[in-house]
Amino acid sequence: MEPYLAIFFLTPFFQSCCAWSVNNFLMTGPKAYLIYSSSVAAGAQSGIEECKFQFAWDRWNCPERALQLSSHGGLRSANRETAFVHAISSAGVMYTLTRNCSLGDFDNCGCDDSRNGQLGGQGWLWGGCSDNVGFGEAISKQFVDALETGQDARAAMNLHNNEAGRKAVKGTMKRTCKCHGVSGSCTTQTCWLQLPEFREVGTYLKERYHKALKVDLLQGAGNSAASRGAIAETFSSISKKELVHLEDSPDYCLENKTLGLLGTEGRECLKRGKALSKWEKRSCRRLCGDCGLAVEERRAEMVSSCNCKFHWCCAVRCEQCRKRVTKYFCVRKEKRERSGGGGASRKLKRKL
């Protein structure tokens, strides 16, 4: 793969943090790839947003420093969080390319009808318009995997996790069917495959993240022919669906400026709410208590637009509604004691 295909930094963050940008790619890349650049950028962004959603109430919450996918820019961590970033970004690019293909955004791509007419199972045949994941997989691989120009263990790990992200998209696709027969008897069905909501892909990869496999290859795993052979053999024995990492994660409770970690001091957590999951309800203990911090209660006044009405023609006018809410934050215990304990509260005005 030519070096110019490594220009994957297509989001504003990537453009600001790295020497190369999308402009470099557009100037040097083949014209055939220009039609995909906006989809790749959108896919990378969707991966970032999904990462932040999935880890919103974790100690590691997908900070921007973690979003640099290339290993040549100085960020050389190889822990399970790095594994997730690669997988969800790769999945986002493949997902968006596949969806845009089905929407007719590309002249050279359409539905996958390669199996139409074939027997798929008892009582049903392949038909309709299946989302063309084969196309999305092939093009996303050209863009994403080209970032890894090395042949060491970290490059092998990143490529493996890129592939795991693509497998997640294929593995979460849904079969949709239409009945055929007299008076809706459904004697036979025509079925096709559709992409799920991207949230399902993110949830699937979050589960894989918790079960990620550690590969012990750091010592002596360089670029010699013998080392490359050992690396390839090791990774080939691991399922492509699994996330893998080489290093243990640091302590995300603590600030670490070298690694770009902010720690959990000052983070918001959740304590009450009918719609909260168990994971969210335990966020104060996970972010504050287990990290040696206290929970500080703060009362805030939220200002938001409400009672919006459409007026002919053509304006929408809204009222300003105020609501008192209670929020919880992780603070140092001595700071909480100086402020008077849990009874103290602050008035905060927030505008939505």
Side-chain angles (χ1 to χ4, degrees), residues 1 5 30 32-33 35-40 42-44 46-47 50 86-146 159-208 211 232 235-244:
M1 179 55 54
L5 288 183
Y33 282 90
I35 58 175
Y36 307 132
S37 60
S38 60
S39 292
V40 172
S46 68
E50 186 61 25
H86 275 266
I88 196 65
S89 300
S90 176
V93 172
M94 174 179 169
Y95 184 97
T96 303
L97 284 165
T98 301
R99 183 191 60 193
N100 289 358
C101 168
S102 295
L103 292 173
D105 292 346
F106 309 131
D107 292 337
N108 62 335
C109 178
C111 300
D112 178 8
D113 56 5
S114 59
R115 291 181 288 185
N116 282 12
Q118 297 179 20
L119 182 65
Q122 186 174 2
W124 66 275
L125 300 171
W126 285 107
C129 179
S130 290
D131 285 326
N132 199 334
V133 288
F135 168 85
E137 181 179 33
I139 300 300
S140 64
K141 191 170 185 177
Q142 294 294 312
F143 277 92
V144 181
D145 286 6
L159 289 172
H160 182 100
N161 291 319
N162 289 348
E163 181 64 20
R166 292 188 286 266
K167 292 291 186 187
V169 175
K170 295 178 75 172
T172 53
M173 291 191 72
K174 308 291 185 183
R175 195 176 81 201
T176 303
C177 298
K178 179 180 180 180
C179 284
H180 303 279
V182 180
S183 301
S185 59
C186 206
T187 53
T188 60
Q189 296 184 77
T190 298
C191 302
W192 58 94
L193 289 177
Q194 287 185 317
L195 290 169
E197 294 295 324
F198 192 58
R199 179 58 34 82
E200 292 186 46
V201 180
T203 300
Y204 174 92
L205 284 173
K206 182 70 179 293
E207 293 172 358
R208 293 290 179 182
K211 300 175 183 178
F235 279 96
S236 66
S237 66
I238 302 172
S239 170
K240 298 296 185 182
K241 296 179 181 180
E242 302 295 337
L243 297 188
V244 296

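Just so you know, residue 1 is the first one in the sequence shown, and it goes up from there.
Put simply, the side chain of D112 gets close to the backbone of S114: a donor and an acceptor are under 3.5 Å apart. Side-chain atoms of N132 come within 3.5 Å of backbone atoms of F135 as a donor-acceptor pair (strictly under, hydrogens ignored). The closest donor-acceptor contact from the side chain of Y95 to the backbone of P196 lies under 3.5 Å.
Take S236 and apply the side chain to side chain donor-acceptor pair (under 3.5 Å) test, not counting sequence neighbours, and it matches no residue. Every residue was checked against the side chain to side chain donor-acceptor pair (under 3.5 Å) condition with T172, not counting sequence neighbours, and none meets it. For D105, the side-chain contact (heavy atoms from CB on, under 4.5 Å) criterion is met by N100, L103, not counting sequence neighbours. Contacts of E242 classified as salt bridge (Lys or Arg N to Asp or Glu O under 4.0 Å), with partners at least two apart in sequence or in another chain: R208. K174 is linked by a salt bridge (Lys or Arg N to Asp or Glu O under 4.0 Å) to E200, counting only residues two or more places apart in sequence or in another chain. With sequence neighbours excluded, the residues forming a side-chain contact (heavy atoms from CB on, under 4.5 Å) with A168 are V201, Y204, L205, listed by chain and number. Looking at residues two or more places apart in sequence or on another chain, you find a side-chain contact (heavy atoms from CB on, under 4.5 Å) between C177 and R175, Q189, C191. With sequence neighbours excluded, the residues satisfying salt bridge (Lys or Arg N to Asp or Glu O under 4.0 Å) with K170 are E137. Residues that satisfy the side chain to side chain donor-acceptor pair (under 3.5 Å) test with E197, not counting sequence neighbours, are absent from this structure. Applying the side-chain contact (heavy atoms from CB on, under 4.5 Å) criterion to S102, with sequence neighbours excluded, gives D131. Contacts of E163 classified as side chain to side chain donor-acceptor pair (under 3.5 Å), with partners at least two apart in sequence or in another chain: R166.
Of all the heavy atoms in S46 and G92, the pair that sits closest is OG-CA, 3.8 Å. S90 and V144 make their closest contact through CB-CG1, 4.3 Å (heavy atoms, listed as atom of the first residue, atom of the second, distance). In terms of heavy atoms, A87 sits closest to L243 at CB-CD2, 3.6 Å.
Side-chain contact check for H180 and T190: at least one donor-acceptor pair (N or O, by modelled atom type) lies under 3.5 Å.
Atom-to-atom distance recorded for L195:CG and M94:CE is 8.0 Å, nearest 0.5 angstrom. With values rounded to the nearest 0.5 angstrom, K240 atom NZ is found 8.5 Å from L159 atom CG. Distance check, rounded to the nearest 0.5 Å: CD of E50 to CD1 of I88 gives 5.0 Å.
The closest side-chain heavy-atom distance from K206 to T203 is not below 4.5 Å. Taking the side chain as every heavy atom from C-beta outward, K178 and W192 approach each other to under 4.5 Å. Looking only at side-chain heavy atoms (C-beta outward), F198 and T96 stay at 4.5 Å or farther from each other. I139 is not listed as a side-chain neighbour of V93, based on a closest heavy-atom distance of 4.5 Å or more.
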Side chains of residues 119-130: which donor-acceptor pairs under 3.5 Å do they make with residues two or more places apart or in other chains?
residue, atom, partner, partner atom, Å
S130, OG, L193, N, 3.0

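D107 CG: 12 or fewer foreign heavy atoms inside a 6.0 Å radius.
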